[in-house]
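What follows is a set of notes on a single structure, which appears directly below.
Predicted model only: the values in this text are computed from it and were never measured.
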Amino acid sequence: MKFDVLTLFPEMFTPLKQSVIGKAIEKNLIEIEIINIRDFSKNKHKKVDDTPYGGGPGMVMMPDIVYDAYKSVKKENSKVIYMSPQGKTLNQQKVQELSKEKHLIILCGHYEGIDQRVLDKIVDEEISIGDYVLTGGEIPAMVLIDSVSRYIEGVLKKDSIQEESFSNGLLEYPQYTRPEIFEGERVPEILLSGHHENIDKWRKEQSLKITKQKRPDLIKKKKENT
Ligand code: 4GN
């Protein structure tokens with residue numbers, strides 16, 4: 001999987017060099033290229049935005065510069081995603097769908113946004129990470145890259161994806177590690193029993209109980225899908 005990110009703030013993406021995603025890049029399981037939209041400014045002052053037609057506050061990113069940045073990375077099989085609070089809200093199902101793509105181009109807006117004409121021309125899908133407004137699309141882009149990369153073969157250990165929250169529509173069971181007694185609290189006895197069938201059963205019960213408590217809406221959704 002290749003991610004090309006179009007942004008005015010390339011330095012914001014350094015966190016992706018860490019941890020699981022950083023390892024996935026080193027192993028060539030995913031490739032992430034950060035393209036500075038400012039490099040496509042024709043202006044000697046490297047100007048990338050201008051005041052909005054019709055008036056109003058702030059600046060709007062100019063369409064021709066964004067378009068040139070897009071043309072520098074687009075391929076036959078690219079899907080262009082614009083991170084925006086107006087998009088469809090990201091969920092685990094959408095993440096899984098996107099992980100099947102070969103090439104994602106992620107466009108990050110800043111300031112008041114991007115001229116609508118270039119958005120209409122190049123964007124395949126508008127995606128939001130939730131109902132709140134941020135100063136730019138960069139953090140949402142990182143959320144998308146992280147969540148999608150976890151579904152690429154080899155990025156996580158084999159079982160982790162199947163076991164976790166949401167993949168079965170339920171929340172995860174609680175985890176415990178050493179020490180056996182922490183501040184007087186013991187690890188649930190069953191986890192020390194070595195009886196794998198009973199442990200599986202206990203974990204399923206815990207998953208269901210926790211989901212009922214914390215996210216009853218997920219139980220309803222699960223029923224609707226069966
Ligand atoms: C995406 C982008 C929130 C989201 C954003 C989100 C930048 N805020 N909920 N801000 O996924 C104007 C230009 C606002 C782009 C946009």
field: NZ/NE/NH1/NH2 to OD/OE distance under 4.0 Å, E33 and K2
entry: yes
query: Going hydrophobic residue to hydrophobic residue with side-chain gaps under 4.5 angstrom, can you get from I152 over to M142?
result: yes
message: Is the shortest side-chain heavy-atom distance between V155 and V20 below 4.5 Å?
response: yes
message: If you count every heavy atom of other residues, nucleotides or ligands that lies below 6.0 Å from K71 atom NZ, does the total exceed 12?
response: yes
message: Quick check: closest heavy atoms across E112 and P57, and the distance to 0.1 Å?
response: CG-O, 3.3 Å
message: For the NZ atom on K222, are there more than 12 heavy atoms of other groups (residues, nucleotides or ligands in this structure) within a distance under 6.0 Å?
response: yes
- prompt: Quick one: does I106's side chain get under 4.5 Å of D4's, heavy atoms only?
  reply: no
message: Under the criterion salt bridge (Lys or Arg N to Asp or Glu O under 4.0 Å), I'd like the reasoning laid out for E126 against K88: C-alpha separation, chi angles, the key distance, then a yes or no.
response: CA-CA 6 Å; E126 216 170 325; K88 240 179 96 186; over 6 Å; no
message: Could you check whether atom CD of Q213 has more than 12 heavy atoms from other residues, nucleotides or ligands sitting under 6.0 Å from it?
response: yes
message: Quick check: closest heavy atoms across V60 and D115, and the distance to 0.1 Å?
response: CG1-N, 3.5 Å
message: Between Y151 and Q92, does the side-chain hydrogen bond (donor to acceptor under 3.5 Å, both in side chains) criterion hold? Intermediate values first, please.
response: CA-CA 10 Å; Y151 277 95; Q92 203 64 28; 2.9 Å; yes
message: Does any part of the side chain of R203, heavy atoms only, come nearer than 4.5 Å to the side chain of I199, both counted from C-beta?
response: yes
query: Can E224 and K220 be said to form a salt bridge (Lys or Arg N to Asp or Glu O under 4.0 Å), step by step?
result: CA-CA 6 Å; E224 282 162 17; K220 279 193 209 103; over 6 Å; no
message: I'd like to know if K209 and E205 make a salt bridge, using a cut-off of under 4.0 Å between side-chain N and carboxylate O.
response: no
- line: Here the pair of heavy atoms bringing S99 nearest to V148 is CA-CG1, 3.6 Å
Worked verdict on E76 versus K102 for salt bridge (Lys or Arg N to Asp or Glu O under 4.0 Å): CA-CA 10 Å; E76 199 79 321; K102 285 276 172 291; over 6 Å; no
query: Quick one: are K74 and I105 in side-chain contact, heavy atoms under 4.5 Å?
result: yes
Ionic contact status for E97 with K79, cut-off 4.0 Å: no
query: Is it true that I32 and F9 fall in one hydrophobic cluster, defined by side-chain heavy atoms closer than 4.5 Å?
result: yes
query: With side chains defined as the heavy atoms from C-beta onward, is the minimum distance between I181 and E185 less than 4.5 Å?
result: no
Check ion pair K42-D68 (N to O, under 4.0 angstrom): yes
query: Taking all non-hydrogen atoms of both residues, which atom of P85 and which atom of V133 are closest, and how far apart?
result: CG-CG2, 4.4 Å
